[in-house]
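Inspection log for the structure reproduced underneath, given as structure tokens.
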Amino acid sequence: MTIAKADVLAILRGRGQHHRADFVDRELPDRIDPARHGGLLATLRLDPAQLAELAGSGPA
């Protein structure tokens, strides 16, 4: 399972964390692997399980 970087960027920008969003945009691939990038997601206070639910509830 991967997470769309766009979803992460939207959450961070929605929180007003534009500098963090810019960092994520520069450093991570378009599809984020929670197993590989879990530490960074935790630092950003993002729960991979919630992000997966968000991805699963989007349009088909």
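- Contact detail for Leu44 and Leu12: the closest heavy-atom pair is CD1-CD1, 4.2 Å.
- The two residues Thr43 and Arg20 make their nearest non-hydrogen contact at O-NH1, 3.8 Å.
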Set out, in order, the CA-CA distance, both residues' side-chain angles and the distance that settles side chain to side chain contact (heavy atoms under 4.5 Å, CB included) for Leu28 and Val8, then state yes or no. CA-CA 10 Å; Leu28 294 181; Val8 173; 5.9 Å; no
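- In this structure, the side chain to side chain contact (heavy atoms under 4.5 Å, CB included) partners of Leu9, at least two apart in sequence or on a different chain, are Lys5, Arg13, Ala21, Val24, Asp25.
- Between Asp47 atom CG and Leu41 atom CG the span is 9.0 Å, to the nearest 0.5 Å.
- A pairwise comparison of heavy atoms in Met1 and Pro48 identifies CE-O, 4.5 Å as the closest pair.
- Arg45 meets the side chain to side chain contact (heavy atoms under 4.5 Å, CB included) test with Arg15; sequence neighbours excluded.
- Between Thr2 and Ile32, every side-chain heavy-atom pair lies at or beyond the 4.5 Å cut-off.
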